[in-house]
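For reference, the structure is listed below as C-alpha cells.
Residue numbering restarts at 1 for every chain, and letters A, B, ... go by the order of the sequence lines.
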Number of protein chains: 2
Amino acid sequence: MADSNKSGFSERAPQPPLYAQVRNTLVRRLVEGVWAEGEMLPSEFELAADMGVSQGTVRKALDSLAADNLVVRRQGRGTFVAEHDEARILFQFFKLVGDSGEASFPESRVVSARSCTATAEDVKAMSLPQGTEVFRIHRVRSIGGRPVIAERIVIPAALFPGFADTEAPNNLYGLYARRYGVTVARAHERLKAVALPEGEALLLEAKVGTPALLVDRIAYGLDGSVIEWRVSHCLTDDLHYSSDLK
Amino acid sequence: MADSNKSGFSERAPQPPLYAQVRNTLVRRLVEGVWAEGEMLPSEFELAADMGVSQGTVRKALDSLAADNLVVRRQGRGTFVAEHDEARILFQFFKLVGDSGEASFPESRVVSARSCTATAEDVKAMSLPQGTEVFRIHRVRSIGGRPVIAERIVIPAALFPGFADTEAPNNLYGLYARRYGVTVARAHERLKAVALPEGEALLLEAKVGTPALLVDRIAYGLDGSVIEWRVSHCLTDDLHYSSDLK
DNA sequence: GAGTGGTCTAGACCACAGA
DNA sequence: CTGTGGTCTAGACCACTCT
C-alpha cells in the first residue's frame, strides 16, 4: 500500500483505489486462513496501521467484505470471519422454500459417493483440466419425510483430500469450510423445467416425466475458482424457488 | 434533518441515522417526480446545503440509491435518475437467457387486454382491497420467431388511468415509468416446474403437459406498493433462468 | 471503563467531462 | 477552465458489548 504512481513520465495502468487494494489483501489473508472461521479480525485501527492507510479506508474495505457476506460486523464487538452455519447457508444458498412461506433445511440421504475421473461433461462445466480426479456424490433430500430433491454433486478431489472417508453431512458447505478450509463465496444457478428422468424418478418415488425444476449450480471460492458442480432435480408441488430482483 | 434527540429524559425510538433520513427524503422526491427520468440531480454540495448536512452524508445516501439502481452516478458528469430503458430492464428484471449464453429481449404479441374487477386471486396476490378495478393483459413473447413465454399480467387501474387505450409496448416497465410516473424498483419471483396448462399450450403451440417453468412475479414500486402481478409460463428447451447467489 | 464498530463532519487532492 | 463525482485522510462523538 506504499507509494505508487510517481514515475518520471507517462505510465499506463492507473491502478485500483487504495480501499480495493486493502480489500484484496484482506481476501488473500482470508483465503490463506490467517483467521479461523468465526474468529475476530484485528480492529480497524490495527489493520490501518498495519497496512499504512487510514482507518476510513480500512472501513470501506471491510464494509465491502461485509456486503459480500465474507465477514460479519457487530457493533461493540468487532469484525468476524463469516461462519458457514446452517442458518447462513439456508439464507444465502438455499432458495427452495415451502409454498406456505417457511424455509426448512431438508434432511439428506447419501445414495452413493465415489472417486473417479472427471467426465467430459465435468471438465466442461467446471473448467477442469482433462483427467482431473473428482468425487461424485448422489443424494436425496427430503422435507417432512417426503423425498423432493435429487442431487448430483461433483467436487475436485485435489481440494478435498480423503473426502471419500467422510460421512457427508447435511450442510456440505460447512464441511468444506471447516475441514478443508474451502469457502464457497458465491454461486451461479441455471434453472429449467424438465421431465423427470428415470434415475431421479426412482429416487424421488415419482413418475418418469413429471415436471421437475432442474437447478444447475456452479459454486465458486473466495478466489473465484470452481469448487463444486451440483445438479438438482426438484419436485415443486409444495415448494418454490424464491428469487429477489432489484 | 435538524436537531432531534435532545429531550429532557428517557426517550424511545432512537431514530435512523442521518444518511438514511437523507435517503428517504431523496426517495420521496423521486416518487413525487421532482426530477424527470434521466435528469441530473443537484450536486452533492447543493443537496448537502439544501438539507443542512455534510457532503459526505449526502454521498452515503446517493451511494445507497445507486446500489439499488435508483440513480446512476457518472464521474465528471453528475448523478442522474435511473432510466428504464430496454438494456436496464433486460439486465435487472429479465432473467431468462438463451442456453448459448446471450440474452435477447423477446418480441411481444398482445393476446388480450381488458379492464375488470380484481378476482379473489388478484386480491390475495397483490394485497388489494376487495373490488379494486384492474387491467388484465395476456401476451405471448417469442424469441427467434418461436413463442416461448405466455404471460398473464394484472395491474391496478388506479395507477394507470386510461391504460386500456394504450398500445402495450415490449418494455412495459418503461411505459409505466414514462407515461404514468410509476417506477418498478424491485420484484420478487417464485419459480416452479409445472405441466403446461391448456390455455398456455395453445398460445405456445406446444403439447398440454409439457414441463414448463412457472414464474410468479410481484413487482414493487419505490414506496413498496404493489405495482404488478405477472405469471409467466416458459418453455425452457433452449432457455434458462439465470440466478446469482452471494 | 475500555474497546469496538457506526455516524458525521471537514477538507484535500484526483480523474473525468464538457464548454 | 470549471464543475462533477471518486478517493483518502483525520478527528469527533455516539452506541454497543463485555469486564
Between [options], spot the one nearest the side chain of [X], thanks.
| X | options | result |
| --- | --- | --- |
| B/Arg77 | C/dG18, C/dT9, D/dC8 | C/dG18 |
| A/Gln75 | C/dT9, D/dC16, D/dG6 | D/dC16 |
| A/Thr79 | C/dG5, D/dG6, D/dT4 | C/dG5 |
| B/Ser54 | D/dT4, C/dC8, C/dT4 | C/dC8 |
| B/Tyr19 | C/dC8, D/dG5, C/dT4 | C/dC8 |
| A/Arg73 | C/dG6, D/dT9, C/dC8 | C/dG6 |
| A/Glu46 | C/dT4, C/dT9, D/dT17 | C/dT4 |
| A/Leu18 | D/dT4, D/dC8, C/dG6 | D/dC8 |

Rounded to whole angstroms, how far apart are [atom1] on [X] and [atom2] on [N]?
| X | N | atom1 | atom2 | value |
| --- | --- | --- | --- | --- |
| A/Leu62 | C/dG6 | CG | P | 9 Å |
| A/Phe80 | C/dG5 | CZ | P | 8 Å |
| A/Leu47 | D/dT9 | CG | P | 14 Å |
| B/Lys60 | C/dA10 | NZ | C1' | 16 Å |
| B/Asp63 | D/dC8 | CG | P | 14 Å |
| B/Glu44 | C/dC14 | CD | C1' | 14 Å |
| A/Gln55 | C/dG5 | CD | C1' | 9 Å |
| B/Phe45 | D/dG6 | CZ | P | 13 Å |

Set of residues satisfying salt bridge (charged side-chain N to carboxylate O under 4.0 Å, His left out) with respect to A/Lys60, sequence neighbours excluded: none
For A/Thr183, all residues meeting side-chain contact (heavy atoms from CB on, under 4.5 Å), sequence neighbours excluded: A/His84, A/Leu222
Approximate separation, where rounding is to 0.5 Å, of B/Tyr241 OH and A/Ser243 OG: 3.0 Å
Ring centers of A/Phe94, A/Phe105 separated by less than 6.0 Å: yes
Plane angle bin for B/Phe160 and B/Tyr180 - parallel if under 30°, tilted between 30 and 60°, otherwise perpendicular: perpendicular
5'-most by nearest nucleotide on DNA chain D - A/Gly76 or A/Val58: A/Val58
